[in-house]
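Remarks on the structure that follows.
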Amino acid sequence: AGPADLALAYLPAAVISSILPSRTGFLADRFGRRGLMSLGLVVGAGASALMPHLGSVLALAALWAVESVGYAASVPAERAFVADIAGRDTRGASYGLYTFAYYLGAALGPLAGGWLYDNVGAEMPFYLNSTVLLLGALLVWSVLREATPRARP
């Protein structure tokens with residue numbers, strides 16, 4: 001597939017990523033953060049595990065769209081959770097640390113993925129990503145405690 005094909009394949013995911021987070025953010029406010037965070041991470045893990053097995057650009061477009069739904073569910077809940085646990089006087093620092101961790105992963109992930117791709121196998125970066133996302137979902141579900149939706153400020 002050429003660059004234009006890949007751009008068109010990503011278009012549905014881009015539309016989903018621009019529209020859905022405000023709706024899933026509402027759900028996180030109303031029903032809680034942990035469930036949406038965990039669900040989004042599990043959907044992302046499934047999409048990542050399937051990525052090496054795709055045989056067409058159409059399948060890639062569909063998988064990117066599904067993956068975008070998962071991330072649209074988890075990201076607003078994650079950010080809201082950061083706001084929930086940060087004190088009023090440390091909210092900016094908390095968001096700064098969250099952003100640092102996010103971009104550190106965005107920088108180190110491709111480096112580790114590239115090394116795995118070259119030295120272990122083309123599918124390994126996807127499988128590692130799936131494993132990390134599933135571990136994250138398990139940790140979110142088992143470790144994070146949140147206030148009940150009505151008790152939030």
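Everything quoted here is computed from the prediction, not taken from an experiment. Both backbone and side-chain heavy atoms feed into the values below; hydrogens, waters and symmetry mates do not.
Cluster membership check: V120 shares its hydrophobic cluster with Y127, using side-chain heavy-atom separations under 4.5 Å among Ile, Leu, Val, Met, Phe, Trp and Tyr. Taking hydrophobic clusters as Ile, Leu, Val, Met, Phe, Trp and Tyr residues chained together by side-chain heavy-atom distances below 4.5 Å, L144 shares a cluster with Y71. Using a 4.5 Å cut-off between side-chain heavy atoms of Ile, Leu, Val, Met, Phe, Trp and Tyr, with links allowed through other members, L11 and V57 fall into different hydrophobic clusters. Linking Ile, Leu, Val, Met, Phe, Trp and Tyr residues whenever their side-chain heavy atoms come within less than 4.5 Å leaves M51 and L41 in two separate clusters. There is no path of hydrophobic side-chain contacts, each under 4.5 Å, that joins L39 to L138.
Here the rule is side chain to side chain contact (heavy atoms under 4.5 Å, CB included) with V140, and of M37, R33, E78 only M37 fits it.
Sparse packing is recorded around CG of L58, with 12 or fewer heavy atoms of other residues, nucleotides or ligands lying under 6.0 Å away. For OH of Y102, the number of neighbouring non-hydrogen atoms (other residues, nucleotides, ligands) closer than 6.0 Å is 12 at most.
Minimum heavy-atom separation, A122 to P125: O-CD, 3.5 Å. Considering all non-hydrogen atoms of both residues, A77 and L36 come closest at CB-CB, 4.2 Å. The two atoms that bring A86 and S94 nearest to each other are CB-OG, 3.2 Å, heavy atoms only. Shortest non-hydrogen contact noted between S17 and S68 is OG-OG, 3.5 Å. Of all non-hydrogen atoms in G25 and P76, the two that sit nearest each other are CA-CB, 3.8 Å. Taking every heavy atom of both residues into account, A47 and E67 meet most closely at CB-CB, 3.8 Å.
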| request: Run the numbers on T131 and L135 for side chain to side chain contact (heavy atoms under 4.5 Å, CB included), then give the verdict. | output: CA-CA 6 Å; T131 302; L135 179 62; 5.5 Å; no

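Distance check: T99 OG1 to R79 CZ gives 7.5 Å after rounding to the nearest 0.5 Å. Note that CD of E123 and CG of L50 are 13.5 Å apart. Values are rounded to the nearest 0.5 Å. Here the OG1-CG distance, from T24 to D29, works out to 10.0 Å after rounding to the nearest 0.5 Å.
Residues L54 and L63 are in side-chain contact: their nearest non-hydrogen atoms beyond the backbone lie under 4.5 Å apart. Using a 4.5 Å cut-off on side-chain heavy atoms (C-beta onward), V42 and L133 make no contact. Residues W64 and L60 have side chains in contact (heavy-atom distance under 4.5 Å, counting atoms from C-beta outward).
Without hydrogens or angle criteria, S130 side chain to F126 main chain gives a donor-acceptor distance under 3.5 Å. Side-chain atoms of T90 do not come within 3.5 Å of backbone N or O of A93 as any donor-acceptor pair.
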